Participant: 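Would you mind keeping the following structure in view while I ask a few things?
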2 protein chains.
Amino acid sequence: MRRYRTNVDGKVQTLNFHVPGDFCNLHTNLAQSIEYSIGTVGPAVIAYIPHDRIEEISRQNPRLARTFNWLAFNEFSILQEWLFNVGSRPSPQRLAHLLCELLIRLRAAGLTDGHHFYLPLSQAQLGEAMGITIVHTNRSMGQLRKEGLLTLEGRKVDVTNWPGLKKYADFDVRYLHLDNTEPSLIKGL
Amino acid sequence: MRRYRTNVDGKVQTLNFHVPGDFCNLHTNLAQSIEYSIGTVGPAVIAYIPHDRIEEISRQNPRLARTFNWLAFNEFSILQEWLFNVGSRPSPQRLAHLLCELLIRLRAAGLTDGHHFYLPLSQAQLGEAMGITIVHTNRSMGQLRKEGLLTLEGRKVDVTNWPGLKKYADFDVRYLHLDNTEPSLIKGL
DNA sequence: CGAGAATTTGATAGGGCTCAACCTAAGTGG
DNA sequence: CCACTTAGGTTGAGCCCTATCAAATTCTCG
């Protein structure tokens, strides 16, 4: 799924993607208003949990309370990285960085096969996450292929040169704070 | 103060400004690593509060615990707005939006005089918050002046046409969640 | 097979960057 | 008190990255 916002001209800016297992709205209980929309980018199974229930669980179980806070911090961290990405990297690098992040997050969710994964996003949607147009997204993608970093078949992405992609994107996994992730899922990253 | 990050080429991206009274690092107790630097943009008085102490206070005083969470949510909200700003608005609008935010945040901190305020930032630093160069920041500023939205004397900003600036920037205060702010400080915004 | 959606490619325009110079204001030191 | 220095603001010219417009091609799926 994705969290996004539409501006006055109709242009969409994606604020984050949510992979299976993620919360979408965990810490909005304090807000009178939220400033974004949430939508699916593919088939999704959604569970609704009232904020009351989350708070109740937090009171009863400090360890889970801590986990909830950790999740919120993680989202913050990703958002910060996106701002940095959009604000400071040229578009091919920006795309490379986004793909690195998605690979790792999907991998941590058990949804990849080595460096090969299914990405349910159109190039238009990728562009909306980076603040660039469809056409330019396509050309940036072409660039990454030309550099021999990855190949595409439909929406299957195959990162043929992971170290190269990471280096190209100046990608540093640490902001995803995977320290508590099942090690077998993220080894070699 | 500001939170920022420097990329491989030496380019700086500011992630947020912190006005007097703000925390800079409230919710990083859960992290093994943080991905940014913090620096001053002018004279500053800084108080250090250990995370342990914050947690202790939170346990003893649920109302303050709630406030701490609210502060974190607020930062999240601002970060999100910045991503939207940088990702989707042309540079003069982007600058206008940033100035709207700074005016209101400084005003809520009691540091403005009507629509007139002192902004301790160079144009270079403003540019770093928007992902554009010094020169272009200067030209965008010129644009805002030409539109009759504000005037500058040194670093004193005078927003001569607040409704105009707000409209120009497509600025909607709600993301700053000022509902609990002393009303006299923010009336007429 | 046909139709709509997504990807790809080309040509052109424009926003923002780079390089460079100039100007102003505010120190600094003799 | 003034020459000198330095940081920041302003302006101009040319180029490059990205947007826009448009059309062709490929893919997907009923």
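All values below come from the heavy atoms of this structure, side chains included, with hydrogens, waters and symmetry mates left out. As the structure is a prediction and not an experimental result, all values here were calculated from the model. Residue numbers begin at 1 in each chain, while the letters A, B, ... track the order of the sequences.
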Participant: Show, in sequence, the C-alpha distance, side-chain angles and deciding distance for A:F171 and A:E101, and conclude whether the side chain to side chain contact (heavy atoms under 4.5 Å, CB included) test is met.
Facilitator: CA-CA 8 Å; A:F171 182 83; A:E101 177 181 314; 4.2 Å; yes
Participant: Could a donor-acceptor pair under 3.5 angstrom be found where the side chain of B:R139 meets the base of D:dG12?
Facilitator: yes
Participant: According to a strict under-4.0 Å criterion, is B:N138 in side-chain N/O contact with OP1 or OP2 of D:dT10?
Facilitator: yes
Participant: For D:dA7, does OP1 or OP2 lie under 4.0 Å from any side-chain N or O of B:Q123?
Facilitator: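 The answer is no; no side-chain N or O of B:Q123 sits under 4.0 Å from OP1 or OP2.
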Participant: Among C:dT18, D:dG9, D:dT18, find the nucleotide with the atom closest to the side chain of B:V135.
Facilitator: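 For B:V135, the side-chain atoms sit closest to C:dT18.
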Participant: Can you find a side chain N or O atom of A:S91 that sits less than 4.0 Å from OP1 or OP2 on D:dT18?
Facilitator: yes
Participant: Would you tell me whether B:R3 and A:Q80 have side-chain atoms, one donor and one acceptor, within less than 3.5 Å of each other?
Facilitator: yes
Participant: Is the cationic atom of B:R5 (NZ for Lys, CZ for Arg) positioned less than 6.0 Å from the six-membered ring centroid of A:F84 and within 45 degrees of its normal?
Facilitator: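 Relative to the ring axis of A:F84, which defines the angle, B:R5 lies inside both limits.
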Participant: Hey, is the side chain of A:R145 poking within less than 4.0 Å of OP1 or OP2 on C:dT8, counting only N and O atoms?
Facilitator: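 True: A:R145 side-chain N/O within range (under 4.0 Å) of C:dT8 OP1/OP2.
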Participant: Can you figure out which of D:dG9, D:dA19, C:dT8 approaches the side chain of A:I134 most closely?
Facilitator: C:dT8
Participant: Side-chain donor-acceptor pair under 3.5 Å between B:E75 and B:H27, yes or no?
Facilitator: no
Participant: Report yes if a side-chain nitrogen or oxygen of B:T133 is closer than 4.0 Å to either non-bridging phosphate oxygen (OP1 or OP2) of C:dC17; otherwise report no.
Facilitator: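 For C:dC17, OP1 or OP2 has a side-chain N or O of B:T133 closer than 4.0 Å.
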